[in-house]
Structures are given as C-alpha cells and as structure tokens.
Amino acid sequence: MPKTRSPFLPLLLIATTCIANAGAGDVLLPQEPAQEAQPASFPGEWQLLHASIGVSAMHMQLLPGDFVLMFDRTDTGPSNISLAAMAPCAATADGADCTAHSVLLDLRSNVLHPYPLATNPWCSSGALLPNGTLLQTGGFSNGDRVARLFSPATGWIELPSFLAARRWYATDMILPDGRVIVLGGRRQFNFEFFPHDDAAPALTFFPFLDETTELDAEDNLYPFLHLLPDGTVFVFANDRAVVFDPYNRAPLRRLPAVPGGVPRNYPSSGSSVLLPLSPDSPAHAEVLVCGGAPRGAYHLALRNATFVPADRTCARIAPTDRDPAWAIEEMPLARVMGDMVLLPTGEVLIVNGAAAGTAGWELGREPVTRPVLYRPDAQLGARFEALAASAIPRMYHSSATLDTYGRVLVGGSNPHVGYVFANATYPTELSLEAFLPPYMDSRLDGARPRVLAAPGEVGYGEATAVRFEVPAPSGAAAAGEVRVAAVAPAFATHSFGMNQRVVELAVGRVAQLDVGVYEAEVAAPPTPGVAPPGYYMWFVVHAGVPSSAAWVRMRPLGPAT
C-alpha cells in the first residue's frame, strides 16, 4: 500500500470554499498553520513498486476500481511474464509465444495479472468510454485497423477491421455525447468516430494535418487534442493549432503559430495538457504545451548521430479568448519525450524524457531524471520547481499517469527494436515506479483529508455532497480551504495523456458532523463540454493537501455508452 492516505483519479474537478467565511452551522477545519500548507520543501520521493512487470509500459491506462492496464507491442518477441496456465499461446514466425504483452495492476494489492493480447497495439491510442470500458484503437500490422475493448472482467475484446483507416500514431478523444473521435495517424489526414455514425461518411478529411506534416520527419503525429468547454476541439500539431467543430466536421478558427517555430509533436515529442477548468469561469480554458525538439533534430539524430539539445520552453494559450495569443515560459530543464500529468492540486508534473535528440529508436540522449512541478496560478517566473530525481532513465516509449492515491505511476522506456537488457547505453526498462509529489510529505498528514462517502454517479448540474474526515493536529483550529477535484483518467503513451482533464467543482456549505468529520456541498459540472460523461476521480483537497480519490461517474445525457 502507498505510504500516504489519499484516494483520487485523472480528470480533475476542483470545488472551492473558504471556511474562513463560514456562517451559522458551518465550521472551521483544523490545520497546522493558518495558511495553506506549503509542501515545496519536500522535493518528492521515488518508490519502486515492481522491479519488473514483465512488459515495457509503452501504454498505460488507469481504470475504475483502482486498476492500471499497461501493455506493449506484441512483435518484440517473448515478454518477461507468462500467460496464465489455460490462456492460448500466440502463433508467431518463431513458434508459439506463451508470454503476455499486457498486464493489469491491482493498486490495492500491488498484484499483477497477465492478459493475452491477440493483435499488435504498437503506437496506438485510447479513451475510456462512459461505462468505464477502455476503447483502444489501431496499432501496427495485424492491429492497425482493429478497435479493442478492455475491462478487467472481460479482458481484451477485438473488433477486427472496425476502423475505416489505418491508425498508427493517432489520437483518441471522448466527446460530450460519449462518442470518441479518432484523429490522424501516419499518412492519415482524416478522422472517424467510435461508434460509427451511419448517417455520415466513415472518414472526414482534416486538411490541418496535411498542412502540418513534414517530409520524412512528419512532426505532427499523436496530435494534442483537448475538448473545450463549448464542445469544440483544440488540435495542436507541429507548432500550431486550430479549433474545430467535430459535429459539423468543420474548422472554426486558426490560432497563431507558437513563436520560435519548434515542432512539439512526434518525433519532436513535447507534451500538452488542458489546464484546470474553474467553476468561476466555466467557459474559459487554457492549454499548456511544453518541450520538443528543434526543426531538423530528427534527421540529424537518424542520419548523423548528432543529438541536438531539446527545447526548454512552454507555450500557454487561452483558445477561448477573443484574440488568443501564446505566452512563452522557460522550464528549468530542456526536455523532449516528457510526460505532463495533471495533479489533484491543479498543478502539473513534467516527468521522463531526454535533454537531447528526439523520439525514435536509439535517437535520444541525456535522460532527464528530475521531474519539474508547474504551478499555473503562481506568478510568472515562479511557476517551475525541479524535484527529486529518479535513478532510472525513462526515455522513448515510457509513460506516466496519476493514480487514485495521488501518486504518479511511471513505467516503460525502450529505445530498441526488441527487448535489450545488456550491452546497451539505455537498456529496455520493465520496472514500475511511483513518484510521490510534494503534497505526499508525511509531515502534512495532519492536514490530509480522507474521503468517507461520495456519490457513485451524478448528473450535470446536480447538487451532491462529499463526506470526509481530517485528523486534528495538536491543538488549535484555524481557517482552511476545502476543494474537491475530479480527475479523468488519461490514456498515456508517447508523451501525451489523452483525455486528461481537471475541472474545479463549486463547493458550497461545509458542515461538521462529528469530531473531525465534515460534509461539503458540491455542485456537479454544468455540462458535458466541461466534463464529458464517464468516470472521474474525486479528491478532497484541504489546505493544499489532497486525499485519495473516490470514483464518481458523470451520467451521460443520452443513452449510456
């Protein structure tokens, strides 16, 4: 079990109330200092969960019920974990493969379960459906047109030839109506939907991807997709972005290119997140894009073994503004192939990657083992903080995601065609680590809430309540802040957490029910544009310190998917 007491998941809804202004029947929550706890003095901590999970975690998805699915390609040869005794072996050119290429981790017991995987999901994409099932699309060879469904109860269910186009390095994103848009992929300048829309063409041409591709290098694979509160879609590829309407299949507007002209999509892989949405301004959204590699870096690494320093800038924009413009900030460390993970506090953790080269086999150098914390609401120039370093390089084909305890799970890294463990500068990595962010400092446990009860399901705009307890620290009570954050679990691969989202929930009255026990009135998100239907982790954050998460399902407006 993790060393702190906290339950949360990856789309964040954060509801805020200041108890200092409590009225009759409201309460003051106990806390050590009279202001928010400041965890920055603790640089975080790395814990090794498994020396080997048997596969290199190219893809990672947190699932309802506190499970994490991790899987790799199926064409690397045997993995290091065997299938269950009665599971059928896969036929390969070299004979039968009786090893698993996907594993399920039970977070509560830390036990791994192998699952057979029939087709090749190499460099594929995914999204969690409103019913909690993982939709997983595309891949390579016999998997490039396959749609797959996964749940712990059923394992993998394959839908052969479901996709209208070959999807390799595409991006999936859930829409307000519960459908999933599948956009892009190598030489695929189009999109389609899951499930199919029988009243419309199977494929819709998307010229923006054609415009942003570069000869040989591409630099627009795994485009960054973010759902905006009005239901439109922000798409970033290469060094620029557009906003379009997926329902009318039409572009709405082009945004200015990021100053500097640095490509930020595969293979010049940067990363991106939609910053937390606030109930005070539900129509406002901001996007952050960090890292990447200079134009031409891929060719220099591939052809000349010249590894160009990675980019160290972040670009931030509010695409919902009337005249949006990019603001440029500089990270403490240059980074390519980094992963950006939204935290229940509304902060962003930037982890993994390299300081030189690009994504691709053998093309990265100088691993960046020190994560960086980004505080979106801090003053410009004071938003970044470098944290504790890991001892394990995580470069090409690594992944990271938030779990229900508030930890960041980090796995994968395989810059080789197959599994290589010896005589390699950066061996294939099968281990799984957990990074404990500064808010998991054990000295903050006196302020750490624990969720006692939360709704299993809510509708849009509904009033509900979350019950929690807070340990009473030695003595006095003081004014503290209570927030509720709902996090949508991300599908993490190739430096992008698809569908990752943080939404702040409006918190009303907080009442004391017993000694150390409280109940907060919370308003569910107003629309599916703000929070698409499906499962979220709800965290209670007291004085800047989060609990573990409770799973809460946002009920679809129409028939459940």
*Asks:* Are any side-chain N or O atoms of Thr133 and backbone N or O atoms of Ser151, one a donor and one an acceptor, separated by less than 3.5 Å?
*Replies:* no
*Asks:* Pairing donors with acceptors under 3.5 angstrom, does anything connect the side chains of Asp245 and Thr232?
*Replies:* no
*Asks:* Just by distance, no angles: are the side chains of Arg316 and Tyr374 close enough, under 3.5 Å, to form a donor-acceptor pair?
*Replies:* yes
*Asks:* Between atom OH of Tyr396 and atom OG of Ser495, what is the distance when rounded to the nearest 0.5 Å?
*Replies:* 9.5 Å
*Asks:* If the condition is salt bridge (charged side-chain N to carboxylate O under 4.0 Å, His left out), which residues does Arg335 pass it with, not counting sequence neighbours?
*Replies:* none
*Asks:* Taking atom types as modelled, find out whether Ser272 and His226 have a side-chain donor-acceptor pair closer than 3.5 angstrom.
*Replies:* yes
*Asks:* Main chain of Leu342, side chain of Gln500: is a donor-acceptor contact present, judged purely on distance under 3.5 Å?
*Replies:* yes
*Asks:* Thr401 and Arg407: side-chain donor and acceptor closer than 3.5 Å?
*Replies:* no
*Asks:* Sequence neighbours excluded, which residues qualify as side-chain contact (heavy atoms from CB on, under 4.5 Å) partners of Thr464?
*Replies:* Pro455, Val458, Val522, Trp538
*Asks:* Would you say the side chains of Glu433 and Ser390 form a donor-acceptor pair under 3.5 Å?
*Replies:* yes
*Asks:* Quick one about Asp339 and Asn352 (side-chain donor to acceptor, distance below 3.5 Å, no hydrogens or angles considered), yes or no?
*Replies:* yes
*Asks:* Under a 3.5 Å threshold, yes or no: a donor from one side chain and an acceptor from the other, between His59 and His494?
*Replies:* no
*Asks:* Looking at Ile350, Val368, Val372, Asp311, which hits side chain to side chain contact (heavy atoms under 4.5 Å, CB included) with Met331?
*Replies:* Ile350
*Asks:* Between Ser125 and Thr171, is there a side-chain donor-acceptor contact under 3.5 Å, judged purely by atom types and distance?
*Replies:* no
*Asks:* Return yes if some donor-acceptor pair links the side-chain N/O of Tyr460 with the main-chain N/O of Pro556 below 3.5 Å, else return no.
*Replies:* no
